[in-house]
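Comments concern the structure below.
Quick note on labels: first sequence line is chain A, next is B, and so on, each numbered from 1. Only this structure's heavy atoms are used, side chains among them; waters, hydrogens and symmetry mates stay out.
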Amino acid sequence: MTDTAPLLDPARVRELFDLRGSYMARVGGGYEGDPYPLWNRLRERAPVHEGSLHDLSDFPGDYFFQGLPEPDRPHFTAFGYAACNDVYRDAELFASNPEPIDLSRPSPTNTLLNMGGQQHRRYRALVQPRFAPKQVEWWIRKSIDGVVHALIDHLQDAGRAELNVDFCAAIPVLTITGAFGIPVDQALDLRAANDPMTTVGIIAPLVAARREEPGDDLLTVLVQAELTEEDGTVHRLSDPEIYSFCMLLLAAGSGTTWKQMGITLTALLQRPEVLEQVRADRALLRPAIEEALRWQPTDPCFARFVMRDTEFHGVRVPEGAVMHINLGAANRDPAKFDRPDEFDIHRPPRPMFSFGGGPHICLGMHVAAPRCSPASARCSTGSRACDWTLTRRPRGTSASTSAAPRPSPSSSTAEGAPDMAQYQQIDASLFGPDHVRRYRETDGEVGYLWNGVPILLLTTTGRKSGEPRTTPLIFTPHGSDFLVVASQGGAPTHPNWYLNLLERPDAEIQVKADRFPVRARTAGDDERTRLWDVVRGPWPNYDVYQERTDRVIPVVVLTPAGRTPRG
Amino acid sequence: MPDEASPGPAVAIDREACLGTGLCIVYAPRTFAHDDETKAVLQDPPHDDPDDVRTAVEACPMGALAL
Ligand code: HEM
Ligand code: SF4
């Protein structure tokens with residue numbers, strides 16, 4: 001057991017693992033909605049299309065990923081299973097890099113990922129044994145197990161978690177610390193480093209230290225590894241080679257696991273009956289993870305460079321072109337999978353492309369699955385990660401008792417307490433300023449209904465700035481009034497809009513196309529109790545929010561101005 | 001040199017092509033194993049559902065397996 005988890009600074013993790021942040025935006029993180037219906041239609045029309053995937057998906061822009069942006073090359077995208085398979089299998093025709101790479105310069109692109117032919121095989125053979133299935137135990141022991149336990153204990157104590165930040169993102173960060181043998185802060189520094197030299201600055205002393213004194217970690221493996229050249233000479237990896245490899249591992253191993261874990265948890269939380277099956281039979285956890293991988297791989301598109309003119313699945317592709325591999329679409333090819341859009345953990349195992357294919361198939365694939373199954377690691381030691389993640393304390397528990405020892409997760413279920421089935425998983429694809437903008441643009445056509453409940457836009461006057469501030473809020477109509485709840489998801493402090501209203505109760509709301517002035521007041525004690533039942537009906541999550549915080553979550557009554565507020 | 005399996009579907013392993021990814025072991029764990037060079041070898045006796053063996057053969061990213 002380590003005590004690393006509590007040391008993670010949540011604000012920093014949140015910033016570094018912001019799905020909608022600038023870092024993700026560079027690789028297309030700004031895309032909204034579900035691309036699969038469109039991809040299905042494109043795949044039905046032809047297995048290979050001219051154009052890059054983002055252009056074909058009507059999401060123009062310059063993105064940075066394998067084979068992107070490359071503005072001077074023609075772009076093509078493979079959508080069908082067979083076409084993607086053919087790209088992966090013929091690594092000579094479809095190369096990972098258009099020219100040989102320069103190993104003397106440390107860069108995340110001077111690695112395995114970009115090598116070809118014999119060079120790739122030699123380097124891959126060097127590290128493959130450490131990543132073989134039977135080595136997974138080493139990884140689990142080394143880094144995964146302790147981290148998962150520490151995190152879950154920590155979350156269990158806290159009683160609540162923002163899973164993306166507190167769990168999904170933390171795991172890869174912390175397992176890197178184990179694999180590289182570095183402290184937590186440094187793992188976050190590595191994540192934050194956005195140029196190769198900063199990364200090298202952090203890694204170089206660690207590599208030097210392992211050369212002096214070997215340890216039981218991946219850096220030591222790299223330092224000691226011996227490479228046999230084609231002519232039979234044996235040499236060790238140079239420092240720049242090791243630095244580059246570390247950069248690749250950091251890039252390939254953390255973002256992927258983090259996001260895939262989120263996808264898996266979301267898929268399960270959205271399907272309480274499937275979740276129930278997995279909880280009842282832990283043997284289903286692995287198929288559930290595999291199915292999440294198939295259904296929504298974190299990185300649905302990779303690319304190769306076309307090395308000579310070719311006729312490929314009916315399309316003429318010139319030398320020098322980039323061939324994007326839409327493995328997300330291939331994973332839903334009906335030629336290979338029945339009812340491919342369904343998330344079905346009982347489907348028979350089939351080969352899929354979530355880890356790529358061909359010589360560059362993910363080196364970490366055997367490590368990734370157990371990493372993605374935090375519960376499985378925990379469960380194997382007889383604990384109840386799943387139960388914790390998915391149950392909550394009994395409803396009657398008042399906020400003031402939250403410091404007292406809590407019923408254990410299993411007992412709260414046994415008491416028949418409402419569990420996650422009550423907690424509605426939120427589709428947060430429309431959020432904050434974006435939500436306001438779309439709502440305004442469309443008079444609520446987009447954004448009025450959100451996760452099944454109606455939304456109004458509340459404009460208050462900033463108490464410090466004096467500027468108008470607009471927030472999308474769930475509301476419940478009540479007579480001619482509008483009820484909103486200052487829950488902020490159960491955060492410890494009142495939301496800004498509420499503080500603004502305390503200072504200046506006059507505000508404006510927009511409901512669909514109607515905009516009108518309102519006057520706000522906080523419901524008094526008895527009234528609040530009555531109104532709580534009104535607001536929690538459509539949005540039971542309010543109960544969960546209230547349990548997360550010691551403050552009494554205010555219910556705010558917005559009365560259209562010009563009418564006498566009701567008592 | 002291809003190895004021949006006795007019972008069940010006969011599987012040939014091309015050791016030169018095998019990259020040691022271990023994907024075959026995921027799909028058919030009682031048919032394939034790794035040797036000390038992390039190359040695929042057939043277990044003795046190999047036994048898995050023939051469908052699983054076929055899946056493993058198809059899944060090999062190197063095309064190193066054949067029925
Ligand atoms: C769920 C998690 C993961 C997913 C979905 C994933 C996916 C992928 C994919 C699709 C590729 C192929 C790239 C290509 O075709 O060019 C790849 C390559 C790679 N992955 Fe992963 N990965 C995951 C986790 C990891 C982890 C945990 C590690 C390391 C600890 C890792 C290390 C690598 C490396 C080193 C490569 C390059 C291999 C080569 O070029 O020979 N990955 N990954
Ligand atoms: S799947 Fe193919 S490359 Fe991987 S270990 Fe098996 S035979 Fe070798």
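- For a residue to count as touching a neighbouring chain, one of its non-hydrogen atoms must lie under 4.5 Å from one of that chain's; by this rule B/Asp52 touches chain A with the side chain only.
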Test log, rule side-chain contact (heavy atoms from CB on, under 4.5 Å), inputs B/Met62 and A/Arg121: CA-CA 11 Å; B/Met62 303 308 296; A/Arg121 290 185 72 91; 3.8 Å; yes

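- Taking both residues in full, the closest heavy atoms of B/His34 and A/Pro133 are given as CE1-CD, 3.5 Å, listed atom of the first, atom of the second, then distance.
- Looking only at distances, a side-chain donor or acceptor of B/Tyr27 sits under 3.5 Å from a matching main-chain atom of A/Arg350.
- Within 6.0 Å of atom CD in A/Glu311, more than 12 heavy atoms from other residues, nucleotides or ligands are found, so the atom counts as buried in its surroundings.
- In this structure, chain A has a heavy atom under 4.5 Å from the backbone of B/Ala17, while its side chain stays farther away.
- From A/Met352, atom CE reaches atom OG1 of B/Thr55 across 11.5 Å, with rounding to the nearest 0.5 Å.
- Distance check, rounded to the nearest 0.5 Å: SG of B/Cys60 to CZ of A/Arg89 gives 6.0 Å.
- Here the CZ atom belonging to A/Arg124 is positioned 10.5 Å from the OG1 atom belonging to B/Thr38, to the nearest 0.5 angstrom.
- The contact between B/Cys18 and chain A is made entirely by backbone atoms, counting heavy-atom distances below 4.5 Å.
- For the options A/Ala132, A/Pro359, A/Pro129, heavy-atom pairs under 4.5 Å to chain B are most numerous at A/Pro359.
- Contacts from residues 326-339 of chain A to chain B, taken as heavy-atom pairs separated by less than 4.5 Å, involve A/Lys336 in sequence order.
- A/His366 places a side-chain N or O within donor-acceptor distance of the main-chain N or O of B/Thr21, the cut-off being under 3.5 Å.
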